[in-house]
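Shown next, in structure tokens, is the structure this report addresses.
On a predicted model such as this, the values are computed, not experimentally measured, just so you know.
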Amino acid sequence: MFEPKMICFYCKWCTYTGADLAGTSRMKYLPNGVVLKSMCSSRIDPQHILEAFKKGADGVLIGGCHYGDCHYVTGNQLTHNRVAMLQKILPDFGIDPHRLRIEWISAAEGAKLVKVINTFTEDLRAMGPRRSK
């Protein structure tokens with residue numbers, strides 16, 4: 001059975017802390033993601049995402065603070081704009097834009113993080129392995 005490989009870029013202040021909550025609460029979720037912590041979702045350069053795909057990731061998940069809760073005020077809005085731009089050009093690289101997902105997950109939303117990881121993993125399984133051009 002195909003098991004997708006995901007790279008998960010998490011904001012230190014919200015999504016990463018939500019993942020910590022899920023872990024300390026002993027919530028179970030699929031282990032398909034490798035987590036990379038960033039000070040803010042806006043610090044994730046589009047090149048990082050393209051490099052993750054180039055190195056074989058089947059999917060990339062970006063987790064950041066909810067609007068109005070960003071520790072850097074508008075970081076999540078910048079991230080939203082970058083992801084929207086990337087999703088438009090990913091097909092030019094032979095990558096389905098649904099393989100890039102962004103979610104706003106707060107430090108108190110461990111259960112939401114579990115649901116997002118499990119759902120995204122199942123979506124990637126249904127898409128099958130990513131094939132490069």
Side-chain angles (χ1 to χ4, degrees):
M1 177 190 239
F2 164 66
E3 283 300 327
K5 294 177 274 184
M6 297 184 331
I7 298 296
C8 305
F9 294 101
Y10 292 166
C11 159
K12 170 191 172 173
W13 303 104
C14 288
T15 307
Y16 189 83
T17 309
D20 189 47
L21 174 63
T24 57
S25 300
R26 300 190 190 280
M27 296 177 189
K28 299 203 183 307
Y29 55 94
L30 297 169
N32 296 67
V34 173
V35 175
L36 300 170
K37 179 170 52 170
S38 177
M39 288 302 287
C40 179
S41 62
S42 69
R43 300 298 299 157
I44 301 156
D45 190 278
Q47 190 62 39
H48 297 138
I49 296 162
L50 293 174
E51 189 68 18
F53 284 121
K54 180 180 174 184
K55 299 278 185 178
D58 295 300
V60 174
L61 173 65
I62 299 172
C65 302
H66 289 277
Y67 276 19
D69 287 337
C70 180
H71 283 68
Y72 302 100
V73 186
T74 60
N76 49 9
Q77 294 166 0
L78 293 170
T79 304
H80 173 81
N81 293 340
R82 286 184 191 138
V83 168
M85 179 269 306
L86 267 172
Q87 286 177 324
K88 288 179 184 174
I89 66 166
L90 282 176
D92 295 339
F93 294 95
I95 301 168
D96 184 331
H98 293 102
R99 291 183 181 275
L100 172 59
R101 187 168 292 180
I102 188 167
E103 294 285 342
W104 311 120
I105 302 170
S106 78
E109 294 179 310
K112 180 178 180 181
L113 178 107
V114 168
K115 183 178 178 183
V116 165
I117 290 289
N118 290 340
T119 301
F120 193 33
T121 300
E122 291 302 326
D123 291 348
L124 291 171
R125 278 185 186 149
M127 285 186 233
R130 191 182 66 76
R131 297 184 193 353
S132 56
K133 269 186 162 180

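- Atom CD of Q87 is separated from atom CD1 of I95 by 11.5 Å, given to the nearest 0.5 angstrom.
- Proximity of a side-chain donor or acceptor of S25 to a complementary backbone N or O of M27 within less than 3.5 Å is not detected.
- Across A57 and R130, no two heavy atoms sit closer than the pair O-NE, 3.1 Å.
- When the side chains of ILVMFWY residues are joined at heavy-atom separations under 4.5 Å, either directly or via intervening members, V116 and V35 end up in a single hydrophobic cluster.
- Between H80 and Y67, the ring-plane angle classifies as perpendicular under the 30° and 60° cut-offs.
- To the nearest 0.5 Å, atom OG of residue S41 and atom CG of residue N76 are 5.5 Å apart.
- When all heavy atoms are compared, the tightest approach of C40 to C70 is SG-SG, 4.0 Å.
- I105 and V83 are members of different hydrophobic clusters when ILVMFWY side chains are connected at heavy-atom separations under 4.5 Å.
- Enclosure of atom OH in Y16 is not indicated, since only 12 or fewer non-hydrogen atoms of other residues, nucleotides or ligands lie within 6.0 angstrom.
- L30 has its side chain within reach of E122: a pair of non-hydrogen atoms, C-beta onward, lies under 4.5 Å apart.
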Do E3 and R125 pass the side-chain contact (heavy atoms from CB on, under 4.5 Å) test, and can you show the C-alpha distance, the side-chain angles, and the key distance before you say yes or no?
-> CA-CA 7 Å; E3 283 300 327; R125 278 185 186 149; 2.8 Å; yes
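- Using a 4.5 Å cut-off on side-chain heavy atoms (C-beta onward), M6 and T121 make contact.
- Grouping the Ile, Leu, Val, Met, Phe, Trp and Tyr side chains by contacts below 4.5 angstrom, directly or via other members, places M85 with F93.
- Side-chain atoms of E51 and K54, non-hydrogen and from C-beta on, do get closer than 4.5 Å to each other.
- R99 contributes atom CZ, which lies 8.5 Å from atom CZ of F120 (distance to the nearest 0.5 angstrom).
- Put simply, the side chain of T119 reaches to within 4.5 Å of the side chain of R101, judged on heavy atoms.
- Using modelled atom types, one finds a donor on one side chain and an acceptor on the other under 3.5 Å when comparing H66 with E109.
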Report the C-alpha separation of S42 and R82 in whole Å, then their side-chain angles, then the decisive distance to 0.1 Å, and conclude whether the side-chain contact (heavy atoms from CB on, under 4.5 Å) test is met.
-> CA-CA 9 Å; S42 69; R82 286 184 191 138; 3.9 Å; yes
Between D58 and F2, is a side-chain contact (heavy atoms from CB on, under 4.5 Å) present by the stated rule, with each step listed?
-> CA-CA 11 Å; D58 295 300; F2 164 66; 3.6 Å; yes
Chi angles and distances behind the side-chain contact (heavy atoms from CB on, under 4.5 Å) call for Y72, M39 = CA-CA 9 Å; Y72 302 100; M39 288 302 287; 3.4 Å; yes
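- A heavy-atom distance below 4.5 Å is found between the side chains of D96 and M127.
- Residues I102 and I49 share a hydrophobic cluster, clusters being chains of Ile/Leu/Val/Met/Phe/Trp/Tyr side chains in contact below 4.5 Å.
- The CZ atom of F53 lies 14.5 Å from the NE2 atom of H48; values are rounded to the nearest 0.5 Å.
- At least one side-chain heavy atom of L61 sits less than 4.5 Å from a side-chain heavy atom of I117.
- Shown here for W13 and C65, the closest heavy-atom pair between the two residues is CB-SG, 4.5 Å.
- Residues L50 and L90 are in side-chain contact: their nearest non-hydrogen atoms beyond the backbone lie under 4.5 Å apart.
- Relative to the ring axis of Y10, K37 does not place its NZ or CZ within 45° and under 6.0 Å from the centre.
- Within a 6.0 Å radius of NZ in K112, more than 12 heavy atoms belonging to other residues, nucleotides or ligands are found.
- Here the shortest heavy-atom pairing between A22 and G110 reads CB-O, 3.8 Å.
- Annotation: the span from L113 atom CG to C14 atom SG amounts to 12.0 Å, rounded to 0.5 Å.
- Smallest separation of non-hydrogen atoms from T24 and L21: OG1-O, 3.2 Å.
- Contact record, L124 with P4: CB-CB, 3.7 Å, taken as the closest heavy-atom pair.
- Side chains of I62 and L100 form a contact here, defined as non-hydrogen atoms less than 4.5 Å apart.
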